[in-house]
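Presented below is the structure to which this report refers.
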Amino acid sequence: MKIVIISGGSKGLGLALCQQYLANGYQAFEFSRSATHPFSVQCDFAQPETALAQMTATFAELSRTSYDEIVIINNAALLGPIGPSARKAPTDLITHLNVNITSAILFLSQAISAFQAHTCPKIIANISSGAAIKNISGWSLYCASKAGLEHYIRTVAIEQNEQAQPFTAINIDPDLIDTDMQAGIRQASRADFPALDRFIQRKENGILRPPAQVAAAVIRIISSPIANGARYDITDFV
Ligand SMILES: NC(=O)c1ccc[n+]([C@@H]2O[C@H](COP(=O)([O-])OP(=O)(O)OC[C@H]3O[C@@H](n4cnc5c(N)ncnc54)[C@H](OP(=O)(O)O)[C@@H]3O)[C@@H](O)[C@H]2O)c1
């Protein structure tokens, strides 16, 4: 049996990944707030300590089974709050860091801990963003959290080289996807987000890819001979 565990699989790219892995015969689990699917675990990454307890219990249960392959995908993320750094409300800032950094790292570290001894092929894929390597005015938190997670993954990759039963850990840049996250970006004000018109034009010009197309490319990357610690761009795999 093969298993995939995804954060943020209720909609968007995460849901398309769950659906395609299920169609490929994997057992799938996703963590999200809305948790509307039979394969969902209800979990709010904005509340890291509660989320930790839910993740730990789920991983402990799942790790009792042996698998032919284990795929862990960190996908849940927030883009906002959008706007100049000093104008961001501290509570929104904390929520962003809790979701994109604290709970994301708890999700990955608890998965590593639960499945480290399993002997099958094991992959950790972090869904990153171009914002991890580009600086975009109004997106300081998102740029910082995406860059931070990429660096975390590269460090995990080095640590895994020292393990008897290592995970392979990679970052994946999914490029532009037609999801609620993009719809939210288009609702920002020009004052908060100077590049707003470019993002509106991308939608109007049909440049955003459907989540199913991006999910297929992500799965193609994960299924190919990947290099531990590497960064992959889906534009090379669509
Ligand atoms: N869309 C793009 O153009 C684009 C471009 C580059 C990178 N990405 C990255 O791709 C990934 C997927 O993005 P997407 O566009 O599919 O986003 P999306 O449609 O907004 O979906 C985000 C997912 O994360 C979950 N999530 C959000 N906040 C959460 C919380 N507090 N606790 C638990 N789960 C939470 C959501 O579930 P609930 O709402 O049910 O909690 C949902 O399943 C993200 O990492 C994003 O940064 C997207």
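Read the numbers this way: they start at 1 and go in the same order the structure lists the ligands and their atoms. All values reported here derive from a predicted model rather than from experimental measurement. By convention here, the first residue in the shown sequence is residue 1.
Tyr67 and Cys120 make their closest contact through O-CB, 3.1 Å (heavy atoms, listed as atom of the first residue, atom of the second, distance).
A heavy-atom distance below 4.5 Å is found between the side chains of Gln163 and Gln116.
With respect to Arg209 and Asp178, no salt bridge is recorded, no charged nitrogen being found less than 4.0 Å from a carboxylate O. At a threshold of 4.0 Å, the pair Lys146-Glu150 does not count as salt-bridged, since none of the basic side-chain nitrogens sits closer than that to a carboxylate oxygen.
Checked against the 6.0 Å centroid threshold, Phe59 and Phe29 do not count as a close aromatic pair.
The protein residues lying under 4.0 angstrom from ligand 1, judged by non-hydrogen atoms, are Gly8, Gly9, Ser10, Lys11, Gly12, Leu13, Ser32, Arg33, Ser34, Cys43, Asp44, Phe45, Ala46, Asn75, Ala76, Ala77, Val99, Ile127, Ser128, Ser129, Tyr142, Lys146, Pro174, Asp175, Leu176, Ile177, Thr179, Asp180, Met181, Gln182.
In this structure, the side-chain hydrogen bond (donor to acceptor under 3.5 Å, both in side chains) partners of Ser32, at least two apart in sequence or on a different chain, are Glu30.
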